[in-house]
Number of protein chains: 2
Amino acid sequence: MNQNIEMDVVARLRHFLATAELPEDGRLPPERELAQSLGVGRAVLRKALATLQAEGVVWRHVGKGTFTGDRPIDTVADINAMVQRTNPLEVMGARIAFEPEVARCAALNATASQIAEIRNCMIKAQQAPTWRQYEQWDNRLHRTIGEASQNSLLLGLLDTLSAVRRAVTWGRLRDTPVRPPPDHHSFVEHEQIVEAIADRDGAAAADAMRRHLRSVESHMRDMR
Amino acid sequence: MNQNIEMDVVARLRHFLATAELPEDGRLPPERELAQSLGVGRAVLRKALATLQAEGVVWRHVGKGTFTGDRPIDTVADINAMVQRTNPLEVMGARIAFEPEVARCAALNATASQIAEIRNCMIKAQQAPTWRQYEQWDNRLHRTIGEASQNSLLLGLLDTLSAVRRAVTWGRLRDTPVRPPPDHHSFVEHEQIVEAIADRDGAAAADAMRRHLRSVESHMRDMR
DNA sequence: GCTAAAACCAATTCACGATTGGTTTGGATA
DNA sequence: TATCCAAACCAATCGTGAATTGGTTTTAGC
């Protein structure tokens with residue numbers, strides 16, 4: 001009998017969805033009301049709703065409600081929303097997943113002048129007299145690699161990622177006269193990335209970028 | 001004498017900014033407090049703050065407050081701008097670069113229920129009676145993989161990419177009763193992706209996703 | 001003429017309660 | 001025993017209204 005009851009509820013729910021006048025957003029009454037109006041308990045109703053959800057007929061979200069039709073997709077890349085949901089660890093995870101592949105594309109598609117520009121950023125970063133300026137040139141280095149991928153969409157995603165990273169990153173660097181030490185780990189890593197791109201070696205570029213970001217990540221953890 | 005007073009206030013403000021312990025976000029006390037603690041009226045203080053704002057030392061916003069340091073960047077990624085600059089080929093290039101790494105993260109981090117959900121999407125896509133519904137479940141499959149990465153930032157970037165893809169993709173598929181053929185190339189490719197994720201094999205998941213997207217790309221070219 | 005003080009405006013934030021899907025528990029029912 | 005119902009609780013979300021804050025105007029005092 002148990003199946004009969006549940007099947008019955010599912011059928012009645014389908015009928016309800018087909019006939020009832022639903023508001024513009026396709027929202028249907030809260031579970032408590034719906035259960036009462038169908039004369040069943042919440043548990044049974046929820047089982048039936050779970051069935052419909054598995055079929056893709058409805059979708060639900062805590063605090064919002066139950067809706068019919070397609071789940072709306074965020075059409076606006078609200079960076080604020082991303083910033084609030086994420087954290088520095090996720091940011092590094094995303095960079096490690098994303099930027100190596102950007103570097104691979106850059107290695108395959110960069111123009112000669114872009115490679116020169118990347119080299120310039122690398123050198124300027126090495127010579128930076130303050131940490132702030134180092135950070136500036138490092139940012140520009142990574143973005144120029146994005147430009148060199150010759151894919152404006154990849155570049156757009158990289159910019160979005162960078163915006164989130166800047167917003168999430170803890171305390172800003174002081175403008176002190178302290179400069180990165182000459183044996184800063186990033187220097188040799190940058191060189192490996194740049195050389196791989198200049199050699200048009202996509203796999204090596206991706207590997208070098210991955211090593212670089214993992215190194216940044218481990219130093220980030222040390223600083224805590 | 002008016003100038004003397006204002007210059008004095010500006011100077012004292014600079015001293016305050018240099019010495020006072022400011023909170024992490026660089027916010028300084030509201031105008032009313034600051035005016036009182038400096039022993040001047042709000043109007044005079046505001047003139048001095050306007051001077052500092054013109055110099056870029058501070059920035060202000062109604063309802064938020066007055067802050068030192070750089071004004072945070074505009075936090076809305078303009079999807080329309082990306083759409084106008086890019087094209088279907090770039091979209092596929094970005095997908096091929098990005099989604100395999102998302103699949104790799106998913107393989108390492110997915111929960112059991114998420115793997116079940118991914119399997120469900122795959123099956124529903126195979127059984128879809130129309131191309132539109134196939135597309136729906138295919139989209140949901142790829143997004144669920146993004147959720148399974150357990151990285152909200154990766155998911156946000158994937159959503160951005162998807163939004164651009166939908167906006168760029170050529171004409172929509174009809175809702176005809178025609179359904180994907182049972183030997184549709186995506187079916188076996190989907191299976192390979194899902195199995196790799198279920199096996200927690202990140203490299204295999206990335207490879208399978210890459211093969212899948214390259215296959216989609218080649219079929220896209222054939223259709224032209 | 002300049003300043004201080006107060007009042008008001010609009011954007012933003014904050015706190016709190018209400019709502020809602022998700023989950024657990026205890027008891028009733030067949 | 002197995003199922004269902006009722007109730008309570010949890011966490012995410014939404015709505016509302018008070019409080020805060022920069023921006024502006026008005027009024028009064030020196």
Side-chain angles (χ1 to χ4, degrees), chain A residues 1-10 12-13 22-54 57-68 71-72 74 78 80-86, chain B residues 1-10 12-13 22-54 57-69 71-72 74-76 111-114 116-117 147 152 155:
Chain A
M1 291 304 174
N2 51 359
Q3 283 194 353
N4 283 349
I5 291 182
E6 186 184 331
M7 295 297 284
D8 183 41
V9 174
V10 172
R12 283 159 70 192
L13 267 182
L22 291 178
E24 176 68 17
D25 55 358
R27 180 180 189 175
L28 47 97
E31 293 182 353
R32 291 161 177 83
E33 287 182 24
L34 205 51
Q36 196 170 10
S37 76
L38 292 184
V40 299
R42 250 188 98 198
V44 177
L45 172 65
R46 282 182 55 71
K47 271 190 185 176
L49 281 177
T51 302
L52 293 183
Q53 187 176 30
V57 179
V58 302
W59 61 273
R60 300 182 280 177
H61 195 337
V62 192
K64 287 185 174 177
T66 305
F67 302 80
T68 68
R71 177 186 241 107
D74 278 345
D78 187 355
N80 274 334
M82 296 191 204
V83 169
Q84 286 178 349
R85 289 198 194 95
T86 192
Chain B
M1 291 305 170
N2 51 0
Q3 284 196 352
N4 280 350
I5 291 182
E6 185 184 329
M7 295 296 286
D8 183 39
V9 174
V10 172
R12 282 159 70 191
L13 267 182
L22 292 179
E24 177 67 18
D25 55 0
R27 180 180 192 177
L28 47 97
E31 294 182 351
R32 291 160 178 82
E33 287 183 24
L34 205 50
Q36 195 170 12
S37 76
L38 292 184
V40 299
R42 249 187 98 197
V44 177
L45 171 64
R46 282 181 55 71
K47 273 191 184 176
L49 282 177
T51 302
L52 293 183
Q53 188 176 27
V57 179
V58 301
W59 62 274
R60 299 183 281 176
H61 195 321
V62 192
K64 288 185 173 177
T66 304
F67 302 81
T68 68
R71 175 186 240 111
D74 262 350
T75 54
V76 190
T111 68
S113 69
Q114 281 169 333
E117 171 73 9
E147 292 176 7
S152 65
L155 180 60

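Keep in mind it's a predicted model, so treat the numbers as computed, not measured. Just so we're on the same page: letters track the sequence lines, and every chain starts at 1.
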Tell me every residue that passes side chain to side chain donor-acceptor pair (under 3.5 Å) with B:S152, counting only those two or more places apart in sequence or in another chain.
A:E90
Under 4.0 Å from OP1 or OP2 of D:dG22: is there any side-chain N or O of B:T66 that close?
yes
Examine D:dT21: is either OP1 or OP2 under 4.0 Å from a nitrogen or oxygen in the side chain of B:R60? Give yes or no.
no
Using atom names, set out every protein N or O paired with an N or O of nucleotides 7-17 of chain D below 3.5 Å, distance rounded to 0.1 Å.
from   : atom 1 : to    : atom 2 : distance (Å)
D:dT13 : OP1    : A:H61 : NE2    : 3.4

Does A:R27 use its side chain to pair, donor to acceptor, with the backbone of A:G65 at less than 3.5 Å?
no
I'd like to compare against my own output: the B/S/- annotation of nucleotides 25-30 of chain C with a strict under-4.0 Å heavy-atom distance to protein.
------
Could you state the atom-to-atom distance from CG of B:L49 to P of D:dG22 in whole Å?
8 Å
What residues, two or more places apart in sequence or in another chain, satisfy side chain to side chain contact (heavy atoms under 4.5 Å, CB included) together with B:P30?
B:E33
Could you state the atom-to-atom distance from CD of B:Q53 to C1' of D:dG22 in whole Å?
10 Å
Quick one: A:L45 CG to C:dT20 C1', roughly how many Å, whole number?
13 Å
Atom CG in B:L49, atom NZ in B:K47: separation rounded to 0.5 Å?
13.0 Å
B:W59 CH2 - D:dT21 P separation (whole Å)
14 Å
In whole angstrom, give the distance that lies between atom NZ of B:K47 and atom P of C:dG1.
13 Å
Rounded distance [0.5 Å steps], CG in A:L28 versus CZ in A:F67:
8.0 Å
Using whole Å, report how far CZ of B:R46 lies from C1' of C:dT3.
15 Å
Answer yes or no: are there more than 12 heavy-atom neighbours, outside A:Q53 itself, under 6.0 Å from its atom CD?
yes
Residue list, side chain to side chain donor-acceptor pair (under 3.5 Å) with B:E117, at least two apart or on another chain:
B:R140
Specify the separation, in whole Å, of atom CD of B:E31 and atom C1' of C:dA10.
14 Å
Between D:dT20 atom C1' and B:L34 atom CG, what is the distance in whole Å?
16 Å
Listed by chain and number, what are the salt bridge (charged side-chain N to carboxylate O under 4.0 Å, His left out) partners of B:E31, not counting sequence neighbours?
B:R42, B:R46, B:R60
Applying side chain to side chain donor-acceptor pair (under 3.5 Å), can you list everything that pairs with B:T68, at least two apart in sequence or on another chain?
none
